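Here is the structure we will look at, set down as structure tokens.
No experiment lies behind these values; they were computed from the predicted model shown. In listed order, ligands and their atoms are each counted from 1.
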Amino acid sequence: MCMPQSVRKAVIPAAGLGTRFLPITSAVPKPLLPVIDRPLIHYAVAELAAAGIHDIAMVLSPGFEAVAGYFEPNQTLMGALEERGDEERLAQLKAINDMAEITVIEQTEARGLGHAILMARNFIGDEPFAVLLPDDLIWSAAPAIAQLLGVSEEHGGSVLAAKRVAREAIPSLGIIDADPMGNDVHRVRGLIEKPSIEEAPSDLAIIGRYILTPGVFDRIEHGPAGALGEIQVTDAIAAAIGVEPVHACEFEGDHIDAGTPPGLFAANVYEERRRAMAS
Ligand code: G1P
């Protein structure tokens, strides 16, 4: 895949109590909930790796070590598979270990998505980077994050993934006010986090994929708290409009929000059918 060298790093914000999935999340971190035989976090890292991004920071709640542990070699298991001569499963596990270089950042307080991203400031340094929210699963021919990278190559600045949503979904999402430029790219004029249906400027919503510039960190740090009293990355990106290019990309692909039990169920059904059709 052709990839601009300028984006080498990504942040996966994956802290949060997972209250919608209680009681299971009292013992299993939400990023480890399965879609068939792989946890949500696997799909997130695999999408980044497929787009050529292998240097990844995960922002995790304390006690979530198992989320990063999934990508570490399990010597006992691998030894047992070697003894049995199960080369196929061994290769599958090794491929997971080799997918990315993972850095864990602990988020001790839950203060919103903007705050989670700000925790990765030292890891990112002074270069553009990708953000991927693991609840948002996207199946597509070209990885959704790679589609955003294409837009950032062409226009520079920040790029958000976008999708038209049903009216009732609007109050739980970031909503985009934008001018279409053709080729499913929009020039962003404004962003509003979790508006009421009446306030919303459109039905074009932010989906959890971003290319951000390092300037976002100062904007997160100095911006006021936003929707739900949390530090919202949407507000920090909105503050960049007029200062640097901000575009939205209506990506090609099928998206499911697996951040609720019915959504996770739908993702399992989708993936099972996809695998059945591929085999
Ligand atoms: C976050 C963003 C929101 C975006 C959504 C996509 O919201 O703040 O702008 O539309 O992800 O999943 P959250 O799901 O964390 O409430």
Side-chain angles (χ1 to χ4, degrees), residues 10-21 25 29-31 33 40-41 43-44 47 58-61 107 109-120 130-139 144-145 148 158-178 186 188-197 199-212 216 219-220 223-241 246-251 253-264 266-267:
V11 181
I12 302 181
L17 299 174
T19 38
R20 287 186 183 132
F21 285 96
T25 40
K30 187 174 67 163
L33 295 181
L40 284 169
I41 196 73
Y43 295 87
E47 182 180 326
M58 287 178 189
V59 182
L60 301 173
S61 301
Q107 188 186 26
E109 331 159 75
R111 292 176 57 198
L113 181 56
H115 181 250
I117 294 170
L118 184 59
M119 307 278 305
V131 174
L132 192 153
L133 308 187
D135 284 356
D136 281 317
L137 286 172
I138 301 174
W139 291 263
I145 201 77
L148 268 61
S158 305
V159 185
L160 321 171
K163 173 187 160 181
R164 303 225 173 257
V165 296
R167 268 165 68 87
E168 56 273 19
I170 286 175
S172 50
L173 296 166
I175 302 296
I176 305 168
D177 183 12
H186 303 252
V188 176
R189 285 191 300 187
L191 297 169
I192 169 162
E193 182 65 19
K194 300 187 176 35
S196 64
I197 291 174
E199 277 176 304
S202 76
D203 63 351
L204 195 61
I206 304 172
I207 303 302
R209 304 285 183 280
Y210 308 78
I211 306 298
L212 300 177
V216 77
R219 294 188 190 102
I220 294 172
L228 313 176
E230 293 181 341
I231 301 174
Q232 299 289 353
V233 72
T234 303
D235 298 339
I237 302 167
I241 298 169
V246 181
H247 290 88
C249 168
E250 264 186 272
F251 56 88
D254 292 335
H255 161 252
I256 294 177
D257 175 5
T260 63
L264 186 65

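Those atoms of ligand 1 that come under 4.0 Å of a heavy atom in G174, given as number and element, are 3 (C), 4 (C), 9 (O), 10 (O). Those atoms of ligand 1 with a heavy atom of Y210 less than 4.0 angstrom away are 2 (C).
Contact annotation for atom 15 (O) of ligand 1: protein absent (non-hydrogen atoms, distance under 4.0 Å).
Contacts with ligand 1 closer than 4.0 Å are made by heavy atoms of both the backbone and the side chain of L173.
The closest protein non-hydrogen atom to atom 4 (C) of ligand 1 is I206 O, 3.4 Å. Nearest protein heavy-atom contact of atom 12 (O) of ligand 1 is D136 OD2, 2.7 Å.
Compare L133, D257, T234, V131 by their heavy atoms: the one nearest to atom 11 (O) of ligand 1 is in L133. One option in K163, K194, H255, E193 has a heavy atom closer to atom 13 (P) of ligand 1 than any other, and that option is K194.
Considering backbone and side-chain N/O of L113, none are found under 3.5 Å from N/O of ligand 1. Taking distance alone, with nitrogen or oxygen atoms compared against 3.5 Å, G208 stays at or beyond that limit from ligand 1.
Of all heavy-atom pairs spanning A240 and R219, the tightest one is CB-NH1, 3.5 Å. When every heavy atom of R209 is checked against every heavy atom of L148, the shortest pair comes out as O-CD2, 3.3 Å. Taking both residues in full, the closest heavy atoms of S196 and I170 are given as O-CG2, 4.3 Å, listed atom of the first, atom of the second, then distance.
Judged by distance alone, with hydrogens and angles left aside, the side-chain atoms of E193 form no donor-acceptor pair with the main-chain N or O of D235 at under 3.5 Å. For the pair S61 (side chain) and G16 (backbone), a donor-acceptor distance under 3.5 Å is present. Looking at S158, its side chain never comes within 3.5 Å of a backbone N or O of V246 through a donor-acceptor pair.
Checked against I206 for a side-chain contact (heavy atoms from CB on, under 4.5 Å), the options I176, L173, V165 give a single hit: I176.
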